[in-house]
Every structure is written in C-alpha cells, then in structure tokens.
Amino acid sequence: MPFRRPARTTAVVALLLATAVACGDTGALRGAGATPTATSPARLWPNLAPAASPAYDFDEADTETVQGVTVPGDDIRKVDPIAVVRAEIAANPSDYGGSKAPYRGTAERIGDCGRGGDRSKCPVLKPYYRDLTGDGHDDLTLGFRLLPTRMTAVRVYTVEKHRLVQVMANDDAVSGVELAGHSVIIRSPSELAGYEYRVQWTWDADQKAMLLTHDEFLRTGSRKHGVRRATPAPAPSATS
C-alpha cells in the first residue's frame with residue numbers, strides 16, 4: 001500500500017495548531033525539552049574475513065513453471081486453482097505420494113474438492129487475485145492445507161509467456177496472510193506467548209520472483225500460546 005506519511009503529518013500539524021489557538025497560544029515555537037544523544041552503530045570485528053559462501057538459502061528467486069495447467073487467454077482468473085494444486089501433488093511424489101509422505105493427507109483429500117466430494121474436507125482455500133508483479137494483470141495467491149500437519153502452503157502464481165509460473169512458495173504454521181502493494185505478509189504463531197513470526201515476500205522485477213525481504217519476531221500483546229512448525233510435524237503411525 002502507498003506510504004502516506006505526508007498526509008498523516010499534515011493532520012497532526014493541523015491538530016496542534018487548532019489546540020494552540022483554542023488555548024490562546026500566540027503560535028510561537030517552544031522547546032520540547034532534552035532529546036537523547038544520537039549513537040552511531042558500533043562495527044564489530046572490522047578485520048573479519050569475507051564469507052566464503054552465500055548465507056543460508058531461503059529459496060529466494062526460485063520460480064517454477066506449472067506443468068499441465070494452461071492459462072486460457074492469458075487470464076489467470078480462468079485457471080482452476082484445484083488443477084494447480086493437483087499439478088503440485090503430481091510433481092512432488094516424495095511430499096504427497098505414498099504412506100510415508102509428509103503431506104499424503106492433502107493428496108487423499110484433493111478429491112473432495114471436485115463434484116461429489118465433501119467440500120468441507122477440501123484442503124484448498126479460497127483463491128485471491130491481485131496485481132502483485134506490477135504488470136497491470138492479476139496474479140493468483142493460493143493457499144492449501146498440508147495434511148496431516150497443521151501447516152499451510154502459500155503460493156503466488158503469475159503468467160509469463162502464456163505459461164503459469166510459480167513465483168513464491170512458503171510452507172509454515174500460518175495464523176494470517178495479508179496482501180499489501182507488491183508484497184505478501186505471512187504471520188505465524190510462536191511458542192512464546194504474546195509474540196509472533198512475520199515474514200514478508202516482495203516482488204522483485206529484476207529477479208522476476210518474490211523475495212523474502214523481511215523476517216521478524218514481533219510482540220502482539222496476546223497471551224494466547226501457539227506453535228510454529230517450520231518443518232513438517234511427525235506423521236502418525238499406521239497403527240495409531
């Protein structure tokens with residue numbers, strides 16, 4: 001969303017002026033009191049040798065063309081979200097196929113998304129459409145449950161050269177997702193009460209992908225406990 005600091009500043013100044021007039025103030029400037037001394041950052045280990053390898057890989061700039069899914073008229077709204085999830089399941093058998101796959105429940109329940117299925121058990125969530133890439137055309141933000149875990153997959157797709165391309169993928173325990181400007185903001189619960197994880201993915205025109213631009217641990221004020229699962233939870237045994 002556009003940054004609106006100028007308008008907000010104008011409103012505050014107007015309020016202060018109105019208060020001054022109401023109090024009979026002449027409008028002259030007055031000191032606000034002592035301010036803390038600015039402290040510059042302290043650079044640690046200035047002789048530290050440069051890293052020999054890149055930092056931990058967060059899968060930035062990873063994109064993938066979705067196989068087997070067409071985009072009629074290059075209109076992403078005409079793409080079937082269920083078909084997109086089916087394509088991911090088919091392309092990743094180690095994640096979705098077989099009794100030991102961590103997300104086998106998603107593959108088992110995808111049939112409930114079609115006609116005759118129990119829609120209440122369908123793992124695919126409502127799709128959202130918004131221009132996240134800035135090309136003037138809608139992009140697709142899609143979410144689906146990774147069963148039997150408590151995690152949620154969040155994906156973003158765009159259309160490039162008549163093909164459906166995945167430009168963002170995030171799997172985690174999710175408590176909320178927001179779209180803002182060219183960014184996707186994902187909130188996840190923490191084991192520490194009153195705090196949450198918040199990551200932001202933002203479209204980068206040079207990389208033609210959404211990059212992880214913010215990864216924060218923030219106080220929410222809530223005392224409700226949550227559990228963040230950055231990796232799949234252990235699957236229950238066949239006998240349980």
How close do Pro102 and Ser94 get, heavy atom to heavy atom, and via which atoms? CD-O, 3.5 Å
Sub-3.5 Å donor-acceptor pair from the side chain of Thr220 to the main-chain atoms of Gly194, do we have one? yes
side-chain contact (heavy atoms from CB on, under 4.5 Å) between Leu140 and Val159, worked out: CA-CA 9 Å; Leu140 167 63; Val159 179; over 6 Å; no
Hydrophobic cluster identity match, Val85 and Val69, side-chain contacts under 4.5 Å: yes
Exam field: side chain Asp204 to backbone Asp206, donor-acceptor pair closer than 3.5 Å: yes
Just how far is it from atom CH2 of Trp45 to atom CG of Asn47, taken to the nearest 0.5 Å? 12.5 Å
Which atoms form the tightest heavy-atom contact between Ala169 and Gln166, and what is the distance? CB-NE2, 3.5 Å
Are any of the side-chain heavy atoms of Arg86 and Ile110 separated by less than 4.5 Å? yes
Residues Asn170, Trp201; criterion side-chain contact (heavy atoms from CB on, under 4.5 Å); working and verdict: CA-CA 9 Å; Asn170 188 98; Trp201 296 82; 3.2 Å; yes
Looking only at non-hydrogen atoms, find the nearest pair between Gln200 and Ser183 and report the distance. NE2-OG, 3.2 Å
With hydrophobic residues grouped by side-chain heavy-atom distances under 4.5 Å, do Tyr195 and Tyr197 end up in a single group? yes
Rounded to the nearest 0.5 angstrom, the CD-CG distance for Glu64 and Leu164 is 10.5 Å
For a side-chain contact (heavy atoms from CB on, under 4.5 Å) check, start with the C-alpha distance between Arg145 and Arg109, then their side-chain angles and the critical distance, and finish with the verdict. CA-CA 10 Å; Arg145 301 295 188 185; Arg109 290 297 183 187; over 6 Å; no
Nearest 0.5 angstrom please: Thr158 OG1 to Trp203 CH2, how far? 6.0 Å
Minimum heavy-atom separation for Pro81 to Pro127, with atom names? CG-CG, 3.8 Å
In terms of side-chain geometry, is the basic nitrogen of Arg155 or Asp171 positioned less than 4.0 Å from the acidic oxygen of its partner? yes
How long is the straight-line distance from CZ of Arg219 back to CG of Leu192, given to the nearest 0.5 Å? 8.5 Å
Euclidean distance, Met168 CE relative to Asp139 CG, rounded to 0.5 Å: 12.0 Å
Walk me through whether Leu179 and Val184 qualify under side-chain contact (heavy atoms from CB on, under 4.5 Å). CA-CA 5 Å; Leu179 301 180; Val184 179; 3.6 Å; yes
Ile186 and Leu125: same hydrophobic cluster, using ILVMFWY side-chain contacts below 4.5 Å? no
Separation between CG of Leu132 and CE of Met210, rounded to the nearest 0.5 Å: 5.0 Å
Is the backbone N or O of Ile76 less than 3.5 Å from a side-chain atom of Asp74, with the two atoms forming a donor-acceptor pair by type? no
Closest approach of Leu211 to Gln207 (non-hydrogen atoms, all atoms of both residues): CD1-CG, 4.2 Å
Do Tyr129 and Val79 sit in one hydrophobic cluster, given that two such residues count as connected whenever their side-chain heavy atoms are within less than 4.5 Å of each other, even indirectly? yes
ILVMFWY network linking Leu147 to Ile89, side-chain heavy atoms under 4.5 angstrom: no
Indicate the atoms forming the closest heavy-atom contact of Glu196 with Ser175, along with that distance. OE1-OG, 4.3 Å
Is it the case that the side chain of Asp118 and the backbone of Asp112 share a donor-acceptor pair, with hydrogens and angles ignored and the cut-off at 3.5 Å? no
Just so I know, are the side chains of Tyr96 and Leu146 near enough to count as touching, which here means a heavy-atom distance under 4.5 Å? yes
